[in-house]
Amino acid sequence: MSCPHPVVAGEPTQTCTALLETATAAIQGFGPINQIHQHLCAFHYYGDDMTRQVEAHHFCAHQNEEMRQCLIYDSPAADARLIGVEYLVSENLFMTLPDEEKPLWHSHEYEVKSGILFMPGIPGPIQRKDLEKVAKTYGKTYHFWQVDRGDALPLGLPQLMMSFTEDGQLHDHLAKDVQKRFGVNYEEEREKRAYMKGPDHGIHPKANGGGKGLKTVLRETDCGPAPGPHVHNTTVPRVFV
């Protein structure tokens with residue numbers, strides 16, 4: 001089932017804050033947010049642990065015909081938590097990536113054809129027209145908030161996420177819960193999407209972690225200071241992900 005919201009530390013939103021937001025919303029533009037045109041519901045698992053699976057609601061905008069960018073929330077509710085981002089690219093763009101980059105991206109063919117990726121509230125014939133395209137794409141996803149642990153804040157490192165590629169991987173209780181709440185039937189959709197095709201050249205062997213688990217780690221390294229006439233130290237300790 002979807003993760004219940006823990007109590008986030010901090011004072012409740014005050015009336016003066018709400019009034020201020022109303023005023024700024026009437027004046028400012030929200031161009032990037034206003035480009036969001038699509039809600040996709042699917043699941044992700046942590047790149048190093050398939051047993052940790054999360055319901056993921058994608059709110060997406062096209063950059064162009066070959067790239068979309070999505071904000072990921074833990075639910076479609078007004079108080080949903082922003083837990084990550086995903087970029088979707090066409091097979092053509094994926095093939096231009098360096099080989100060391102490709103394992104960070106996952107395929108979408110199984111997600112789409114199995115029915116577990118869907119557009120809530122959209123009639124099947126309409127959503128299938130777009131999902132024909134999604135089935136051929138690759139995605140790169142990071143989650144910042146590990147809601148499956150019950151974290152009240154986005155703690156720890158950004159986590160590389162993956163998606164499912166075959167039957168038997170998605171937890172049955174998660175599948176049943178989403179189908180019940182959104183009134184969808186994965187098996188019926190699977191039959192109706194059987195005609196769809198994945199990437200024209202097949203799923204790339206280096207995608208989906210290259211068949212291996214991938215984990216985000218933090219390490220310390222030395223990074224030279226910015227150049228300048230008064231720089232005396234040769235290195236400055238830095239930390240990066």
Open item on the list: Between H108 and T137, do the side chains contain a donor N or O and an acceptor N or O under 3.5 Å apart?
Closed with: yes
- [ ] Indicate yes or no: at least one non-hydrogen side-chain atom of V89 is less than 4.5 angstrom from one of W105.
- [x] yes
Open item on the list: Would you say F164 ends up clustered with L40 if hydrophobic residues are merged whenever their side chains have heavy atoms under 4.5 Å apart, either directly or through other cluster members?
Closed with: no
Open item on the list: Taking E188's backbone N and O only, do any of them form a donor-acceptor pair with N185's side chain (distance below 3.5 Å, no angle check)?
Closed with: yes
Task: Flag if over 12 foreign heavy atoms under 6.0 Å of NE2, H37 - done: yes
Open item on the list: Applying a strict under-4.5 Å side-chain criterion to I, L, V, M, F, W and Y, I'd like to know whether V134 and M161 cluster together.
Closed with: no
Task: Side-chain donor or acceptor of N34 paired with backbone N/O of F30 under 3.5 Å - done: yes
Task: Stepwise salt bridge (Lys or Arg N to Asp or Glu O under 4.0 Å) test for D167 and R190 - done: CA-CA 12 Å; D167 290 343; R190 181 195 291 261; 2.9 Å; yes
Task: Residue pair H58 / E86, side-chain donor-acceptor N/O under 3.5 Å - done: yes
Task: Separation of E109 CD from L117 CG (nearest 0.5 Å) - done: 13.0 Å
Open item on the list: Please check this pair: side chain of N208 against backbone of G211, looking for a donor-acceptor N/O pair closer than 3.5 Å.
Closed with: no
Open item on the list: Could you check whether any side-chain N or O of E111 sits under 3.5 Å from a backbone N or O of T165, counting only pairs where one atom can act as donor and the other as acceptor?
Closed with: no
- [ ] Might you point out which heavy atoms bring G209 and L214 nearest each other, and give the distance in Å?
- [x] CA-CD1, 3.8 Å
TODO: Decide, yes or no, whether a salt bridge links R128 with E189 under the criterion of side-chain N to carboxylate O below 4.0 Å.
DONE: yes
Task: Hydrophobic cluster identity match, V112 and Y186, side-chain contacts under 4.5 Å - done: no
Open item on the list: Is there a path of hydrophobic side-chain contacts, each under 4.5 Å between heavy atoms, that joins L93 and L88?
Closed with: no
Open item on the list: Under a 3.5 Å threshold, yes or no: a donor from one side chain and an acceptor from the other, between Q63 and Y87?
Closed with: no
- [ ] Please check if the distance between the ring centroids of Y138 and H106 is under 6.0 Å.
- [x] no
TODO: Show the numbers, then the answer: is there a side chain to side chain contact (heavy atoms under 4.5 Å, CB included) between Y46 and Q146?
DONE: CA-CA 10 Å; Y46 288 77; Q146 299 186 53; 3.4 Å; yes
Open item on the list: For residues I36 and L82: do they belong to one hydrophobic cluster (side chain heavy atoms under 4.5 Å, members Ile, Leu, Val, Met, Phe, Trp, Tyr)?
Closed with: yes
Open item on the list: Would L155 and W145 count as a side chain to side chain contact (heavy atoms under 4.5 Å, CB included) here? Give the steps.
Closed with: CA-CA 6 Å; L155 307 177; W145 199 331; over 6 Å; no
TODO: Report yes if some heavy atom in the side chain of T141 is under 4.5 Å from a heavy atom in the side chain of H143; otherwise report no.
DONE: yes
Task: NZ/NE/NH1/NH2 to OD/OE distance under 4.0 Å, R68 and D130 - done: yes
- [ ] Hey, could you give me the CG/CD distance between D49 and Q159, rounded to the nearest 0.5 Å?
- [x] 10.0 Å
TODO: Measure across I122 and Q127 and return the closest heavy-atom pair with its distance rounded to 0.1 Å.
DONE: O-NE2, 2.9 Å
Task: Closest contact, heavy atoms only, S75 versus A80 - done: O-CB, 3.1 Å
Open item on the list: Taking the side chain as everything from C-beta on, heavy atoms only, tell me whether D177 gets closer than 4.5 Å to H173.
Closed with: no
TODO: Identify the two heavy atoms, one from S107 and one from I203, that lie closest to each other, and give their separation to 0.1 Å.
DONE: OG-CD1, 3.6 Å
Open item on the list: A side-chain contact here means heavy atoms from C-beta on lying under 4.5 Å apart; do H62 and Q69 qualify?
Closed with: no
Task: CA sep, side-chain torsions, deciding dist, call: L71, I33, side chain to side chain contact (heavy atoms under 4.5 Å, CB included) - done: CA-CA 9 Å; L71 299 176; I33 304 300; 4.2 Å; yes
Open item on the list: Taking the basic N atoms (NZ, or NE/NH1/NH2) and the acidic carboxylate oxygens, is any pair closer than 4.0 Å for E55 and R181?
Closed with: yes
Open item on the list: Please evaluate residues K102 and F94 with respect to the criterion side chain to side chain contact (heavy atoms under 4.5 Å, CB included), reporting the C-alpha separation (whole Å), side-chain torsions for both, the decisive distance (0.1 Å), and the verdict.
Closed with: CA-CA 7 Å; K102 290 184 174 75; F94 175 82; 3.6 Å; yes
- [ ] Kindly compute the distance separating CG (L160) from NE2 (H44), expressed to the nearest 0.5 Å.
- [x] 10.5 Å
Task: Side chain to side chain, V147 and R81, heavy atoms closer than 4.5 Å - done: yes
Task: NZ on K113 to CD on E132, rounded to 0.5 Å - done: 11.5 Å
TODO: Looking only at non-hydrogen atoms, find the nearest pair between H201 and E91 and report the distance.
DONE: N-OE2, 2.9 Å
- [ ] With rounding to the nearest 0.5 Å, note down the distance linking CE in M196 to NZ in K133.
- [x] 12.0 Å
Open item on the list: Give me the atom names and distance for the closest heavy-atom approach of F144 to G84.
Closed with: CD1-CA, 3.8 Å
TODO: Look at E101 together with K206 and state whether they make a salt bridge at an N to O cut-off of under 4.0 Å.
DONE: no
- [ ] Run the ring-centre check on H57 versus F182 and record whether the distance is less than 6.0 Å.
- [x] yes
Open item on the list: Tell me if the CZ atom of F59 is crowded by more than 12 foreign heavy atoms within 6.0 Å.
Closed with: yes
TODO: May I ask you to decide if E166's main-chain N or O and Q169's side chain share a donor-acceptor pair within less than 3.5 Å?
DONE: yes
Task: From CD1 (I116) to CZ (F43), nearest 0.5 Å - done: 6.5 Å
Task: Beyond-backbone contact of I83 with V54, side-chain heavy atoms, under 4.5 angstrom - done: yes
Open item on the list: Between R193 and F118, is there a side-chain heavy-atom distance shorter than 4.5 Å?
Closed with: yes
Task: Electrostatic pair K212:D48 at N-O distance under 4.0 angstrom - done: no
